[in-house]
Asker: 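Can you keep this structure in mind? I'll have questions shortly.
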Amino acid sequence: MTVTTNMFYGEFGGQYVPKQVKDALTEVATAYERYRQDPDFLAELQGLLADYSGRQTPLYYAESLSNYLGGAKVYLKREDLNHLGAHKLNNVLGQILLAKRMGKKRIIAETGAGQHGVATAAAAARFGLECEIFMGELDCQRQKLNVFRMTLLGAKVHPVKTGTRTLKDAVDAAFADFAANLADTFYIVGSAVGPYPYPKMVKDFQSVISKEARAQILAKEGRLPTAVIACVGGGSNAIGSFAEFIDDQAVRLIGAEAAGKGVDTPDNAATMTNGRVGISDGMKTYVLMDDDDQVLPAYSISAGLDYPGVGPEHAFLKDAKRAEYYAVTDAEAVAAFQLLSKTEGIIPALESSHALAQAIKMVPQLGKDDLVIVTVSGRGDKDVNQVAAYLGIDL
Ligand SMILES: *Cc1c(COP(=O)(O)O)cnc(C)c1O
């Protein structure tokens, strides 16, 4: 493998941002490198993860699903059982503690569907910090309930009216605000994306998933899994699920990205399958682009996966052939959503359903001695209306 540094993963990553933003990032990186080793910081984070978010999350043997599929034993890493119903809080709690240590009074974040905005607003409420969320105006209209949730949690939501009025424009607005208000403001990025140090920092905070899962599978089975499968939007739950297994060369690391209506249609978010190397959101990575290198809008039934880029470490792991990435369609994800609900009594998020769909394809081909861990990144209560509509059921 090519050498990775703090800032780069092979050719990917970096800091492709204006000078003022670079200064802001340097301050964050310096503080992070200091506190990531600090026992008091780590103990406080550990306490919040336990008592506020409810960790550790179970590694659950899905016996009924395993019997149904025939083949490997399937274990589910239950990130859906975190406070707020997803893995996002793992990262938000880490970054907000850092903000507090740095003496920042004001928290900002970008959000697409609103999940990261809600997690950030909740944590800011918990710490009594001012919180402002940037969200594309179109996304605000599509996700009114999450806008109200953020307001309820005491955050101010700024509808971003530029460009396509979606996530990318919200990211730009948040970085501009960050550079302008560095003295009192901390920007909590929502996935393992963007300029250094965010991909590294978000990975560290999400690595709690694989730290727990690795110990749990060893305790239950006395051996490592054959494969770990997670869905990839920006890639934070996936890199957190992979992290502690990367050096275990025998463990297959598998990412499921969103093929939307199909990788051969314009409506997909299959960055690894269809993307080219480019620069977007301050990093070099795989990006969905047109022939003029303009970033294309992404589409998936699952709002958390419709991102046209991907975290730089995933781009690196793909090229290094250490991880494998497969595209899963809306139809396959909805079928997995229904199957897990029926076999295990667990309604998974549509995002997580992409990882489950990939498991459903692979598990029957594996042997009885194989173990597969699938990360259930979130719960599906937020998605039931959409699935009903997809299935043509009028509620
Ligand atoms: C936001 C979200 C994702 C996608 O984000 P990653 O950074 O790729 O993990 C996946 N699952 C759920 C439940 C989410 O809320």
Asker: Show me the donor-acceptor pairs, under 3.5 Å and distance only, between side chains in residues 282-289 and residues at least two apart or in other chains.
Answerer:
residue : atom : partner : partner atom : Å
T285    : OG1  : V310    : O            : 2.8
Y286    : OH   : D319    : OD1          : 2.7
Y286    : OH   : D319    : OD2          : 3.2

Asker: Could you tell me which non-hydrogen atom of K361 sits nearest to which non-hydrogen atom of A327, and how far apart they are?
Answerer: NZ-O, 3.9 Å
Asker: Taking D290 for the side chain and D292 for the main chain, is one N or O donor matched with an acceptor at less than 3.5 Å?
Answerer: yes
Asker: When you measure from the side chain of H116 to the backbone of I188, do you find a donor-acceptor pair of N or O atoms at a distance under 3.5 Å?
Answerer: yes
Asker: Answer yes if the ring centres of Y196 and Y32 are under 6.0 angstrom apart, and no otherwise.
Answerer: no
Asker: When rounded to the nearest 0.5 angstrom, what is the spacing between CG in N268 and CG in N274?
Answerer: 5.0 Å
Asker: In sequence, state the C-alpha distance, the side-chain angles, and the governing distance for D281 and Y198, and then conclude on side-chain hydrogen bond (donor to acceptor under 3.5 Å, both in side chains).
Answerer: CA-CA 11 Å; D281 292 338; Y198 286 104; over 6 Å; no
Asker: Might you point out which heavy atoms bring Y307 and G233 nearest each other, and give the distance in Å?
Answerer: CD2-O, 4.1 Å
Asker: Keeping the roles fixed (side chain from T226, backbone from D370), state whether a donor-acceptor pair exists under 3.5 Å.
Answerer: no
Asker: Has D169 got a side-chain atom pairing as donor or acceptor with T166's backbone, closer than 3.5 angstrom?
Answerer: yes
Asker: Counting heavy atoms not belonging to D184, are there more than 12 under 6.0 Å from its CG?
Answerer: yes
Asker: Just verifying a value: how many Å separate D267 CG and T329 OG1, rounded to the nearest 0.5 Å?
Answerer: 12.5 Å
Asker: For the pair H314 and F242, name the ring-plane relationship: parallel under 30°, tilted 30 to 60°, perpendicular over 60°.
Answerer: perpendicular
Asker: Working to the nearest 0.5 Å, report the span between OG of S241 and CD of E79.
Answerer: 7.0 Å
Asker: So, K104 side chain and I96 main chain: donor-acceptor pair closer than 3.5 Å or not?
Answerer: no
Asker: Would you say Q216's side chain and P58's backbone share a donor-acceptor pair under 3.5 angstrom?
Answerer: no
Asker: May I ask you to decide whether K156 forms a salt bridge with E132, counting only side-chain N to carboxylate O separations under 4.0 Å?
Answerer: no
Asker: Please evaluate residues Y299 and D330 with respect to the criterion side-chain hydrogen bond (donor to acceptor under 3.5 Å, both in side chains), reporting the C-alpha separation (whole Å), side-chain torsions for both, the decisive distance (0.1 Å), and the verdict.
Answerer: CA-CA 10 Å; Y299 161 84; D330 288 356; 2.6 Å; yes
Asker: Examine distances only and state if a side-chain atom of E324 and a backbone atom of R252 form a donor-acceptor pair shorter than 3.5 Å.
Answerer: no
Asker: Taking atom OH as the centre, does Y390 end up with more than 12 heavy-atom neighbours from other residues, nucleotides or ligands that are less than 6.0 angstrom away?
Answerer: yes
Asker: Specify whether Y35 and F41 have parallel, tilted or perpendicular ring planes, treating 30° as the upper limit for parallel and 60° as the lower limit for perpendicular.
Answerer: tilted
Asker: Quick check: does any side chain N or O of S53 sit under 3.5 Å from a backbone N or O of R55, one acting as donor and the other as acceptor?
Answerer: no
Asker: Given the rule in the side-chain hydrogen bond (donor to acceptor under 3.5 Å, both in side chains) test, do Q206 and N90 qualify, once you have shown the distances and angles that lead to the verdict?
Answerer: CA-CA 6 Å; Q206 290 295 358; N90 300 332; 2.9 Å; yes
Asker: Do T273 and E257 pass the side-chain hydrogen bond (donor to acceptor under 3.5 Å, both in side chains) test, and can you show the C-alpha distance, the side-chain angles, and the key distance before you say yes or no?
Answerer: CA-CA 9 Å; T273 308; E257 61 177 5; 2.7 Å; yes
Asker: In Å, rounded to the nearest 0.5 Å, how long is the span from NZ of K211 to CD1 of I209?
Answerer: 11.0 Å
Asker: Do the ring planes of Y52 and H83 sit parallel (below 30°), tilted (30 to 60°) or perpendicular (above 60°)?
Answerer: perpendicular
Asker: Quick check: are there more than 12 heavy atoms from other residues, nucleotides or ligands sitting under 6.0 Å from CD of E33?
Answerer: yes
Asker: Please check: side-chain N/O of N146 versus main-chain N/O of A113, any donor-acceptor pairing under 3.5 Å?
Answerer: yes
Asker: For residues 344-351, which side-chain N or O atoms pair as donor and acceptor with protein atoms under 3.5 Å away, sequence neighbours left out?
Answerer:
residue : atom : partner : partner atom : Å
E344    : OE1  : Y60     : OH           : 2.5
E344    : OE2  : E63     : N            : 3.4
E344    : OE2  : S64     : N            : 3.0
E344    : OE2  : L65     : N            : 2.8
E351    : OE1  : K382    : NZ           : 2.8
E351    : OE2  : G304    : N            : 2.9
E351    : OE2  : K382    : NZ           : 3.3

